[in-house]
Amino acid sequence: MNAVEDNAWRRSWQTLGQRLPRPKAILCVSAHWETQGVYVTSSEKPDTIHDFRGFPKALFDVRYRAPGSPALARRVAELVSTPRVHLDPQRGLDHGAWSVLQPMYPEADIPVVQLSLSTLQPGAWHYDLARQLQPLRDEGVLVVGTGNIVHNLRYWRPDQTAPLDWAQRFDEDIAERIAAGHHEGMLGYETLGPDALLAVPSPEHYLPLLYVLALQREDDTVEFFNEDVVGAISMRSVLVGA
């Protein structure tokens, strides 16, 4: 609903889009494209995917008509030597991508490509894959990872606004590790104790963070915004190197 509601999180994404240097293209890693193997969208005109149900019509009416970039898709496949990256000319943009990009770039005039998540692989595997994408930073490509540090819908209630204790602790633990540059300890998140097992019951919402951190350079600044934990969901956002 952040895609259609006027709230503080959406306004933060709007402000971010106005503040960042305009990218030539965007590579998005979303929690909502899980695959066996690795794929990248290569359509020139990716569709808007409404991969949910039970929400108001206004959300299904959203169309984010950003162009794709077959050239960027090929570049991603070229940069990643292991594993092989497959081009997918049929896949569109899921709500993990457009719900954040729509407030950031409402004109939808920046090419967008999505990279899938091979969620059967461990965190270190994803981090190593993402490290191979470093040259994109010097080629004007904005890399966006969309998910949640804490995401456990089994404990989420729509009327709950206060953070659950374990959710707050895990969110703050990960934030401290990010601020200190201690990436290695975050790769095996499942070893970080009982709070981690509650905060990350399945990996897909956590893994996009590793793709962003893998591109961090020694002189990069790190900035947090949307530092809210709502029940069992963390909305914390991280900006690296801008």
Side-chain angles (χ1 to χ4, degrees), residues 1-20 23 25-35 39-69 73 88-117 119 142 144-164 167 201-209 225-237:
M1 293 301 293
N2 295 319
V4 293
E5 290 182 348
D6 180 24
N7 57 37
W9 304 320
R10 179 185 172 85
R11 289 193 293 272
S12 290
W13 293 327
Q14 288 174 326
T15 299
L16 182 63
Q18 296 163 3
R19 167 186 163 189
L20 291 176
I26 297 169
L27 177 64
C28 182
V29 184
S30 158
H32 295 278
W33 189 16
E34 298 180 66
T35 56
Y39 293 79
V40 62
T41 59
S42 59
S43 168
E44 291 186 356
K45 296 181 179 180
D47 291 333
T48 302
I49 301 175
H50 299 88
D51 49 332
F52 44 75
R53 60 174 181 257
F55 287 90
K57 182 176 181 295
L59 198 58
F60 290 91
D61 288 342
V62 174
R63 294 290 183 275
Y64 192 66
R65 304 189 187 280
S69 176
D88 187 335
Q90 305 299 323
R91 173 79 183 189
L93 305 178
D94 61 52
H95 82 273
W98 57 257
S99 66
V100 174
L101 296 180
Q102 197 270 345
M104 288 181 66
Y105 302 107
E107 299 299 320
D109 55 355
I110 300 173
V112 179
V113 165
Q114 262 196 256
L115 183 66
S116 75
L117 284 173
T119 47
L142 173 66
V144 178
T146 65
N148 301 90
I149 291 174
V150 179
H151 188 274
N152 192 330
L153 295 183
R154 289 177 298 187
Y155 289 88
W156 181 80
R157 301 292 181 272
D159 59 346
Q160 186 178 49
T161 56
L164 297 176
S202 56
E204 73 283 348
H205 278 80
Y206 180 85
L207 291 174
L209 171 66
F225 61 102
N226 288 343
E227 300 174 64
D228 302 306
V229 179
V230 183
I233 295 179
S234 166
M235 295 301 294
R236 180 185 297 274
S237 299

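Because the structure is a prediction, the values reported are computed rather than measured.
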What do the steps show when you test Met104 against Leu20 for side-chain contact (heavy atoms from CB on, under 4.5 Å), and what is the final call?
-> CA-CA 10 Å; Met104 288 181 66; Leu20 291 176; 4.1 Å; yes

Verdict with supporting geometry, Leu153 and Ile233, side-chain contact (heavy atoms from CB on, under 4.5 Å) | CA-CA 8 Å; Leu153 295 183; Ile233 295 179; 3.8 Å; yes

Show your reasoning for whether side-chain contact (heavy atoms from CB on, under 4.5 Å) applies to Gln102 and Arg63.
-> CA-CA 9 Å; Gln102 197 270 345; Arg63 294 290 183 275; over 6 Å; no

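No side-chain heavy atom of Ile49 sits less than 4.5 Å from a side-chain heavy atom of Trp33. The closest side-chain heavy-atom distance from Trp13 to Asn226 is below 4.5 Å. Using a 4.5 Å cut-off on side-chain heavy atoms (C-beta onward), Ser30 and Thr146 make contact. The shortest side-chain heavy-atom distance between Trp9 and Ser237 does not fall under the 4.5 Å cut-off. For the pair Met235 and Asn148, the minimum side-chain heavy-atom distance is below 4.5 Å.
A donor-acceptor pair under 3.5 Å links the side-chain atoms of Gln114 to the main chain of Asp94, judged by distance alone. Looking only at distances, no side-chain donor or acceptor of Trp156 sits under 3.5 Å from a matching main-chain atom of His151. The backbone N or O of Glu204 lies less than 3.5 Å from no partner atom in the side chain of Thr119, so there is not a single donor-acceptor pair. Under a 3.5 Å cut-off, the side chain of His32 and the backbone N or O of Ala97 do not form any donor-acceptor pair. When atom types are taken as modelled, the side chain of Asn152 and the backbone of Arg154 share a donor-acceptor pair closer than 3.5 angstrom.
Residue Arg65 qualifies as open at atom CZ: its count of foreign heavy atoms under 6.0 Å is 12 or below. Atom CD of Gln160 sits in a crowded spot, with more than 12 heavy atoms from other residues, nucleotides or ligands closer than 6.0 Å. For Tyr155, the OH atom is loosely surrounded, since the number of other residues' heavy atoms within 6.0 Å does not exceed 12.
A pairwise comparison of heavy atoms in Pro23 and Leu142 identifies CB-CB, 3.8 Å as the closest pair. Among all heavy-atom pairs drawn from Pro46 and Gly68, the shortest one is CD-N, 3.2 Å. The shortest non-hydrogen separation linking Pro67 to Ala108 is CD-O, 3.4 Å. Considering all non-hydrogen atoms of both residues, Pro111 and Ser69 come closest at CB-CB, 3.9 Å.
Note that the CG atom of Leu164 and the OG atom of Ser234 stand 12.0 Å from one another [nearest 0.5 Å]. Note that OG of Ser12 and CG of Asn7 are 8.5 Å apart. Values are rounded to the nearest 0.5 Å. Taking CG from Asp228 and OG1 from Thr161, the interatomic distance works out to 10.5 Å, rounded to the nearest 0.5 Å. To the nearest 0.5 Å, the span separating OG1 on Thr35 from CG on Leu117 amounts to 7.0 Å. Distance OH/Tyr64 to CG/Leu93: 8.5 Å, rounded to 0.5 Å. Between the OG atom in Ser42 and the CZ atom in Arg91 there is a gap of 12.5 Å [rounded to 0.5 Å].
A side-chain contact (heavy atoms from CB on, under 4.5 Å) with Tyr105 is found for exactly one of Val100, Ile110, Val112, namely Ile110.
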